[in-house]
Protein chains: 2
Amino acid sequence: MTIKEVAERYHISQDTLRYYERVKMIPEVTRTASGIRDYQEEDLKWVELAICMRSAGLPIEAMIEYVNLFQQGNETIPARLELLYNQMEILKLKKKQINETMNKLSYKISHYEVALKTGKLTWTDDEEE
Amino acid sequence: MTIKEVAERYHISQDTLRYYERVKMIPEVTRTASGIRDYQEEDLKWVELAICMRSAGLPIEAMIEYVNLFQQGNETIPARLELLYNQMEILKLKKKQINETMNKLSYKISHYEVALKTGKLTWTDDEEE
DNA sequence: TTACTACTTGGAGTTAACTCTAAGTCAATA
DNA sequence: TATTGACTTAGAGTTAACTCCAAGTAGTAA
């Protein structure tokens, strides 16, 4: 699979794909005899994981570390687990913060909706805007 | 309340507080006669909202637009509602992506945990790493 | 064989969100 | 009165994550 096809498939730019490889966020991609990238199933798995991590807002640095550990073999499994636990914690926190913000925005939305119907703003004393 | 106290209270730098004001992410903060910031309850509400939005990963630009609409008065309530709905949608999507990533990481974690116990990796054919 | 297109690399440029620096003001203490 | 420390501003610098560019090569169509 060419870089163009991969880029289209995952809605990501070719530049970004090359960038991910360059910074070692994914292992080196399989090449043709003349040095052109020819993504195999395994390469695609790494691309998917990278995109998945990034879409959740996890830093590239974490993914680089994970790939690095992976390439050192099975003795690094405990370290990889540790890394995965850490990222899970970060995601839990992110979710919590998103929920809090959603609650805050919902509150504002409901007040504005009432305001639109009644023509009056109805904030309580401790939450004027 | 001085900028120092506000910074300590919200675990945010004084520089960031000044920056938020400079880019108009919050309205101009109340000042003393000699021009020093003296945060009032209402100023703090805006700071809280700004921090809340940012902690959920929403762009500063959205907050700037919201403050801008607010300062134009009640006729902008429909526009503010629209903006809030948009940000809610963005947050829903973020949550979805986080959930997907958490599922993917959980899957890896469980496999690694089994591997640690049994000494063998147990990926199925379609998910080698 | 010439032209065209898609690929390659190294390196420079961009954007968002801070973060820091320098030079200056002001209130309070030694 | 001198100095200390917290504040002020404008503007420069930093970081993460891309994104673009220039110069070169490889494979295919006319």
Side-chain angles (χ1 to χ4, degrees), chain A residues 1-40 43 46-68 87 90-91 94 97 101, chain B residues 1-40 43 46-68 87 90-91 94 97 101:
Chain A
M1 208 172 192
T2 66
I3 195 170
K4 185 180 187 176
E5 288 164 342
V6 177
E8 278 164 6
R9 178 158 169 179
Y10 296 110
H11 309 103
I12 187 181
S13 77
Q14 298 181 30
D15 269 318
T16 299
L17 281 166
R18 290 194 200 95
Y19 169 72
Y20 282 176
E21 191 176 347
R22 177 161 45 163
V23 299
K24 302 189 194 302
M25 189 181 172
I26 57 174
E28 284 187 14
V29 170
T30 310
R31 304 287 181 125
T32 63
S34 55
I36 291 180
R37 288 177 185 80
D38 181 23
Y39 291 79
Q40 306 301 309
D43 299 315
W46 282 107
V47 169
E48 277 171 31
L49 181 59
I51 291 171
C52 184
M53 302 270 280
R54 286 298 302 130
S55 77
L58 292 175
I60 276 182
E61 198 47 54
M63 188 68 197
I64 292 172
E65 180 63 14
Y66 185 75
V67 168
N68 191 30
Q87 300 311 304
I90 291 171
L91 291 181
K94 271 180 191 273
Q97 286 166 331
T101 304
Chain B
M1 210 174 192
T2 67
I3 194 168
K4 185 178 187 177
E5 287 164 343
V6 176
E8 278 164 7
R9 177 157 170 182
Y10 296 110
H11 310 102
I12 186 181
S13 76
Q14 298 182 30
D15 270 318
T16 299
L17 281 166
R18 290 194 202 95
Y19 169 73
Y20 283 176
E21 190 175 349
R22 178 161 45 164
V23 300
K24 301 190 196 303
M25 189 181 171
I26 58 173
E28 284 187 14
V29 170
T30 310
R31 306 285 183 124
T32 64
S34 55
I36 292 180
R37 288 175 185 80
D38 180 24
Y39 292 78
Q40 305 302 308
D43 299 315
W46 282 108
V47 169
E48 277 171 31
L49 181 59
I51 291 172
C52 184
M53 302 271 279
R54 287 298 303 129
S55 77
L58 291 176
I60 275 183
E61 197 47 54
M63 188 68 197
I64 292 173
E65 180 61 15
Y66 185 75
V67 168
N68 190 30
Q87 302 310 306
I90 292 170
L91 292 182
K94 272 179 188 275
Q97 286 165 332
T101 303

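None of the values given here were measured: they were computed from a predicted structure.
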>> Using the rule given for salt bridge (Lys or Arg N to Asp or Glu O under 4.0 Å), can you reason through B/E48 versus B/R54, listing the C-alpha separation, both sets of side-chain angles and the distance that settles it, and then say yes or no?
In response: CA-CA 10 Å; B/E48 277 171 31; B/R54 287 298 303 129; over 6 Å; no
For [X] and [N], what is the distance between atoms [atom1] and [atom2] respectively, to the nearest whole Å?
{"X": "B/E21", "N": "D/dT9", "atom1": "CD", "atom2": "P", "result": "7 Å"}
{"X": "B/M63", "N": "C/dA16", "atom1": "CE", "atom2": "P", "result": "18 Å"}
{"X": "B/Y39", "N": "D/dC7", "atom1": "OH", "atom2": "P", "result": "10 Å"}
{"X": "B/M53", "N": "C/dC18", "atom1": "CE", "atom2": "P", "result": "13 Å"}

> When we call it a touch if two heavy atoms are under 4.0 Å apart, what does A/R22 touch: a base, just sugar-phosphate, or nothing?
Replying inline: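 The answer is base, as A/R22 lies within the cut-off (heavy atoms under 4.0 Å) of a base atom.
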[X], nearest nucleotide to its side chain (from [options]):
{"X": "A/Y19", "options": "C/dT8, D/dT19, C/dA17", "answer": "D/dT19"}
{"X": "A/R31", "options": "D/dA17, C/dC7, C/dT9", "answer": "C/dT9"}
{"X": "A/R18", "options": "D/dC7, C/dT9, D/dC18", "answer": "C/dT9"}
{"X": "A/I36", "options": "C/dT8, D/dT8, C/dA17", "answer": "C/dT8"}
{"X": "A/Q14", "options": "D/dC18, C/dC7, D/dG27", "answer": "C/dC7"}

> With A/Y20, which of A/I12, A/V29, A/I64, A/V47 fulfils side chain to side chain contact (heavy atoms under 4.5 Å, CB included)?
Replying inline: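 The residue from A/I12, A/V29, A/I64, A/V47 that satisfies side chain to side chain contact (heavy atoms under 4.5 Å, CB included) with A/Y20 turns out to be A/I12.
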> Sub-3.5 Å donor-acceptor pair from the side chain of A/R18 to the main-chain atoms of A/R22, do we have one?
Replying inline: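 No; zero donor-acceptor contacts below 3.5 Å.
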>> Please check: side-chain N/O of B/D38 versus main-chain N/O of B/M1, any donor-acceptor pairing under 3.5 Å?
In response: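 Yes; at least one donor-acceptor contact below 3.5 Å.
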> Quick one: on DNA chain C, does B/D15 or B/I60 contact a more 5' nucleotide (nearest heavy atom)?
Replying inline: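 Nearest-nucleotide comparison on DNA chain C picks B/I60.
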Look at [X] and [N] and indicate whether a side-chain polar atom (N or O) is within less than 4.0 Å of OP1 or OP2.
{"X": "A/R54", "N": "D/dA17", "value": "yes"}
{"X": "A/R37", "N": "C/dT8", "value": "yes"}
{"X": "A/S34", "N": "D/dG27", "value": "yes"}

